[in-house]
Amino acid sequence: MSILGAAPVLVTPFKDDGRVDEESLLRQLDFCIEAGSQALVFGWGSESHLLLDSELENMWRATVHHVDGRVPVVVATTHPSREGMIALTKLASKCGADCAMVNPGDQRGDQLVSLFKNLSEEVNIALMIQDAKENAPADVLLRAVKEAKNVTCLKLESAGAPHKMGLVCEGLPEVAGGRQVTVLGGSNGGLLLEELGRGSVGTLPHPVLIDAFQDACERYAENRSEEHT
């Protein structure tokens, strides 16, 4: 699974009693797809880290069922513990999600690489590495791609993301083992043009302007293609 373009980090709507408003959620899914979303993402901005596992399961299942394969569904399975990350990633696979987005938190170096290697060995689902801190230099991310066969995407949004993207994109062909691994930006798309210029193929912004972000990604890709013809 690979994402090329704009994929919104969804907003989780709630009812007055604190329960997830599934009807509003499904309307949001349709809005995003009609606006050109290349995937649908539940992340930190979706308040996934504040929901019970049972609430996540219900929301993920409802989304996968409603989307019905129209676009990939990506869900955040970040957890304070490694065991929790593995358990949530297994739940994501069970619910039919296409990809699990994992933020390794404070894990560094060998620990970070082994986390994604373990996830690849234990769960049959595509993995997206979410690099939101400054603990994962480009060489560590490339090692994770090389050693974790299920990593198909990287979301880079730590400080200096465009520069790191350039380093990662330059090294990907050597470590990816022939599989397609894409690089996306985050931080609400605030550095989209700089990131596209360093090898990113898309971004994960807020849903409200998803059509504008997708249009920008498509226009940049077209210009890049014309330059190489």
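For clarity, every value in this text was computed on a predicted model and none was experimentally measured. Throughout, numbering of the chain's residues begins at 1 and tracks the sequence. Note that these values count all heavy atoms, side chains included, but never hydrogens, waters or copies made by symmetry.
Looking only at side-chain heavy atoms (C-beta outward), Asn58 and Val20 stay at 4.5 Å or farther from each other. Between Thr63 and Leu25, the closest side-chain pair of non-hydrogen atoms falls below 4.5 Å. A 4.5 Å side-chain heavy-atom check between Pro205 and Leu192 finds every atom pair outside the cut-off. Using a 4.5 Å heavy-atom threshold, the side chains of Lys164 and Ser158 count as touching. Side-chain contact between Leu51 and Phe14 is present, with heavy atoms from C-beta onward closer than 4.5 Å. A 4.5 Å side-chain heavy-atom check between Val113 and Val140 finds at least one atom pair inside the cut-off. Within the 4.5 Å cutoff, no side-chain heavy atoms of Glu195 are placed close to those of Val183. Side-chain atoms of Asp106 and Lys133, non-hydrogen and from C-beta on, do get closer than 4.5 Å to each other.
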Subject >> side chain to side chain contact (heavy atoms under 4.5 Å, CB included) between His49 and Thr78, intermediate numbers included >> reply: CA-CA 8 Å; His49 59 296; Thr78 298; over 6 Å; no
**OP:** Take Thr182 and Gln180, measure what side chain to side chain contact (heavy atoms under 4.5 Å, CB included) needs, and give me the verdict at the end.
**Re:** CA-CA 6 Å; Thr182 56; Gln180 183 178 21; 4.1 Å; yes
**OP:** Under the side chain to side chain contact (heavy atoms under 4.5 Å, CB included) rule, what do Val41 and Met101 come out as? Steps first, then yes or no, please.
**Re:** CA-CA 9 Å; Val41 184; Met101 179 172 65; 3.9 Å; yes
**OP:** Start with the C-alpha distance between Val11 and Gln28, add both sets of side-chain angles, then the distance that settles side chain to side chain contact (heavy atoms under 4.5 Å, CB included), and finish with yes or no.
**Re:** CA-CA 8 Å; Val11 175; Gln28 180 183 186; 3.7 Å; yes
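For Glu121, the CD atom counts as densely surrounded, since its 6.0 Å shell holds more than 12 non-hydrogen atoms of other residues, nucleotides or ligands. The neighbour count for Arg70 CZ, taken as heavy atoms of other residues, nucleotides or ligands under 6.0 Å away, is above 12. With a 6.0 Å radius and a threshold of 12 heavy atoms from other residues, nucleotides or ligands, Glu194 has its CD atom above the threshold. For Glu147, the CD atom is densely surrounded, since the number of other residues' heavy atoms within 6.0 Å is greater than 12.
Using a 3.5 Å distance cut-off with no hydrogens or angles, the side chains of Gln107 and Arg82 do pair a donor with an acceptor.
Atom-to-atom distance recorded for Thr77:OG1 and Leu91:CG is 9.5 Å, nearest 0.5 angstrom. From Met59, atom CE reaches atom OG of Ser46 across 6.5 Å, with rounding to the nearest 0.5 Å. Rounded to the nearest 0.5 angstrom, Ile33 CD1 and Gln38 CD are separated by 10.5 Å. Considering CG of Leu184 and CD of Gln130, their distance stands at 11.0 Å, rounded to 0.5 Å. Separating the CG atom in Leu196 from the OG1 atom in Thr203 is a distance of 8.0 Å, to the nearest 0.5 Å. How far CG of Leu141 is from CE of Met165: 11.0 Å, rounded to the nearest 0.5 Å.
Tracing side-chain contacts under 4.5 Å through hydrophobic residues (I, L, V, M, F, W, Y), one reaches Leu112 starting from Leu127; they form part of the same cluster. In terms of hydrophobic clustering, with Ile, Leu, Val, Met, Phe, Trp and Tyr side chains grouped at heavy-atom distances under 4.5 Å, Ile210 and Val75 are assigned to different clusters. Put simply, Val102 and Val151 are part of the same group of oily side chains (I, L, V, M, F, W, Y) that touch within less than 4.5 Å, one to the next. Residues Val71 and Ile3 do not share a hydrophobic cluster, clusters being chains of Ile/Leu/Val/Met/Phe/Trp/Tyr side chains in contact below 4.5 Å. Linking ILVMFWY residues whenever their side-chain heavy atoms come closer than 4.5 Å, directly or via other members, leaves Ile125 and Val73 in distinct clusters.
The closest donor-acceptor contact from the side chain of Asn188 to the backbone of Gly190 lies at 3.5 Å or more, if one exists at all. The backbone N or O of Asp21 sits nowhere less than 3.5 Å from a side-chain atom of Ser24 that would complete a donor-acceptor pair. Panel note: side chain Glu55, backbone Leu52; a donor-acceptor pair is recorded below 3.5 Å.
Residue Gly43 comes nearest to Ser48 through the heavy atom pair O-OG, 3.3 Å, listed as atom of the first residue, atom of the second, then distance. Listed here is the closest heavy atom pair of Ala176 and Val181: CB-CG2, 4.0 Å. In plain terms, the two heavy atoms of Trp60 and Cys95 that are nearest each other are CB-CB, 4.0 Å. Contact record, Leu167 with Leu142: O-CD1, 4.3 Å, taken as the closest heavy-atom pair. What you find for Ser37 and Cys32 is that their closest heavy atoms are OG-O, 2.6 Å. Contact detail for Leu29 and His66: the closest heavy-atom pair is CD1-CD2, 4.0 Å.
Between Asp215 and Arg219, at least one side-chain N (NZ, or NE/NH1/NH2) sits under 4.0 Å from a carboxylate O, which counts as a salt bridge. Remark: Asp17 engages Arg19 in a salt bridge, criterion side-chain N to carboxylate O under 4.0 Å. Taking the charged nitrogens against the carboxylate oxygens, Asp131 and Lys155 have no contact shorter than 4.0 Å, which rules out a salt bridge.
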